[in-house]
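Single-structure report; data block below.
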Amino acid sequence: MAAKMALVTQIVSFLFLLAATNAENGVFRATMIRRTKTGAINFTQAARQSRHRLSILASRLDTTTTSSTVDAKTPLTMDGEGGAYDMVFSIGTPPQKVTALADTGSDLIWVKCGACASCVPQGSPSYYPNNSSSFSKLPCSVPLCGALMSEGAATCGAGGMECDYRYSYGLEEDSHHYTQGYLGNETFTFGDDAVPGIGFGCTNMSEGDYGSGSGLVGLGRGPLSLLRCPIEGPRHPIHATDLAARPSYYSVNLKGISIGNVTTPGTGYSGFIFDSGTTLTYLTEPAYTHAKAAVLSQTDLARAPDRDGFEACYVAPISNGSLEKAVPRMVLHFDGADMALPVTNYFVDVGDGVVCWIVQVSPSISIIGNVMQVDFHVLHDVNNSVLSFQPANCDSL
């Protein structure tokens, strides 16, 4: 079945299938909260952080191989408050409620455990394993520990009965972005669904920027990820395209881009990555230059100076209705699927009475960021290597 992950501007429910060893049917419903609505994003800051995340995601791929293998160090930096998503769930018996950053660009799920005096951020709730009757430590013999050990991120403790990890994020030279602790097995509660047998990281030390929550939920395609594939969404027209063979990433073939009455080349089989943690959208050359030229030639607004890496900026019109009339329509063409974008997904208010095309040039990989995915259910079918999407009026959910 198709996988469902809806990126929206308010609290909504999601359905996922997860990698839980004892889950009766593998299905859970979770709540995700978009931290910052598009209109409240600081795009100067978002541009800087998106470009940093772009470089990190690109560094994970070994582009010298045809298989595009992932760097074992699992580098990652979240894009601050620029439209990231938090997942709300509970852990243990009785349930202890926590909120954690959701990320489709990484795999491990972990939360702060106990007092966690050496953890960031301080002040957010922690999970206390001693207060749960369903908690147990995972030994080194389990596959989750084996996956971490294969990345050089885990060691055996307590005579093999404890799997201790130090999971690094950020570029290789960044030694201050990591989470450290031991693996546990626990019951997670998503909405009304209690799911036993989930392996996770019980963190007792961390550094870095993970937002204001209690940890991070990895939703990538790798072996450490919480999910395997979500299930069916609302019965609206669904558009589907094949996922490329890029471990941990949801990458598809962007065949072309229609901008107004012009169709420009896409990124092809070099890939276009759907990412929840990047705010902006990036295109490699020559796709970027062709698409930008089509935007510039068909936008009926007064030009404004370029800023923060945005190269198609204009004096903002009085209303969104005026914006829709002044800028060309934008449609992404994938293998077997077309994604017609709302204007507010690709033209954004960057402040000072200026609107800019949200796409920037990339020297490495192409990414469709979370703003461009707003008001779409994006469905990830990992088992069948298919990504599907459907328009959604998220304000009505």
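Remember, predicted model here, so these are calculated numbers, not experimental data.
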Could you tell me the separation between the [atom1] atom of [X] and the [atom2] atom of [Y], rounded to the nearest 0.5 Å?
X	Y	atom1	atom2	value
Ser297	Ile259	OG	CD1	8.5 Å
Tyr182	Asn204	OH	CG	7.0 Å
Glu151	Ser168	CD	OG	10.0 Å
Asp306	Arg303	CG	CZ	5.5 Å
Gln96	Ser90	CD	OG	8.5 Å
Phe274	Ser251	CZ	OG	9.5 Å

One pair to check against side chain to side chain contact (heavy atoms under 4.5 Å, CB included): Asp335 and Lys255. What are the steps and the verdict? CA-CA 7 Å; Asp335 272 334; Lys255 296 177 64 177; 2.9 Å; yes
Mind running side chain to side chain contact (heavy atoms under 4.5 Å, CB included) on Tyr127 and Lys112 for me, showing each step along the way? CA-CA 6 Å; Tyr127 157 72; Lys112 299 191 303 179; over 6 Å; no
Please check: side-chain N/O of [X] versus main-chain N/O of [Y], any donor-acceptor pairing under 3.5 Å?
X	Y	result
Ser118	Met205	no
Asn370	Thr278	yes
Gln122	Cys116	yes
Asp352	Val354	no
Glu162	Ala158	no
Gln298	Asn261	yes
Thr189	Pro95	no
Ser55	His52	yes
Tyr282	Gly369	no
Ser50	Thr279	yes

Residue from Ile367, Leu341, Thr344 passing side-chain contact (heavy atoms from CB on, under 4.5 Å) with Met372: Leu341
Would you find more than 12 non-hydrogen atoms of other residues, nucleotides or ligands less than 6.0 Å from Arg329 atom CZ? no
Surrounding CG of Asn131 (heavy atoms of other residues, nucleotides or ligands, distance under 6.0 Å), is the total greater than 12? yes
Please state whether the sulfur gamma atoms of Cys145 and Cys156 sit closer than 2.5 Å to each other. no
Verdict with supporting geometry, Leu283 and Val361, side chain to side chain contact (heavy atoms under 4.5 Å, CB included): CA-CA 5 Å; Leu283 289 173; Val361 66; over 6 Å; no
Could you tell me which non-hydrogen atom of [X] sits nearest to which non-hydrogen atom of [Y], and how far apart they are?
X	Y	result
Cys113	Pro129	CB-CD, 4.3 Å
Ser206	Thr203	CB-CG2, 4.1 Å
Pro317	Ser322	CB-CB, 3.7 Å
Thr264	His290	CG2-O, 3.5 Å
Ala47	Asp308	CB-O, 3.4 Å
Val348	Ile358	CG1-CD1, 3.8 Å

Joint hydrophobic cluster, [X] plus [Y], side-chain heavy atoms closer than 4.5 Å:
X	Y	answer
Met161	Tyr165	no
Ile109	Tyr128	no
Met149	Leu144	no

Any side-chain heavy-atom pair from [X] and [Y] closer than 4.5 angstrom?
X	Y	value
Leu57	Ile365	yes
Val350	Val355	no
Leu101	Val217	no
Asn185	Ile198	no
Trp110	Leu216	yes

Is Arg53 salt-bridged to Asp275, cutoff N-O under 4.0 Å? yes
Sort out for me which residue in Thr284, Thr267, Thr281 forms a side chain to side chain donor-acceptor pair (under 3.5 Å) with Ser366. Thr284
List the steps, then state whether salt bridge (Lys or Arg N to Asp or Glu O under 4.0 Å) holds for Asp300 with Lys325. CA-CA 8 Å; Asp300 187 19; Lys325 296 176 182 178; over 6 Å; no
Do Glu311 and Tyr288 get their side chains close enough for a donor-acceptor pair, meaning under 3.5 Å? yes
Parallel, tilted or perpendicular: rings of Phe389 and Phe334 (30°, 60°): perpendicular
With side chain to side chain contact (heavy atoms under 4.5 Å, CB included) as the criterion, how do Phe347 and Tyr314 come out once you've worked through the C-alpha distance, each side chain's angles and the decisive distance to 0.1 Å? CA-CA 10 Å; Phe347 262 92; Tyr314 300 87; 3.8 Å; yes
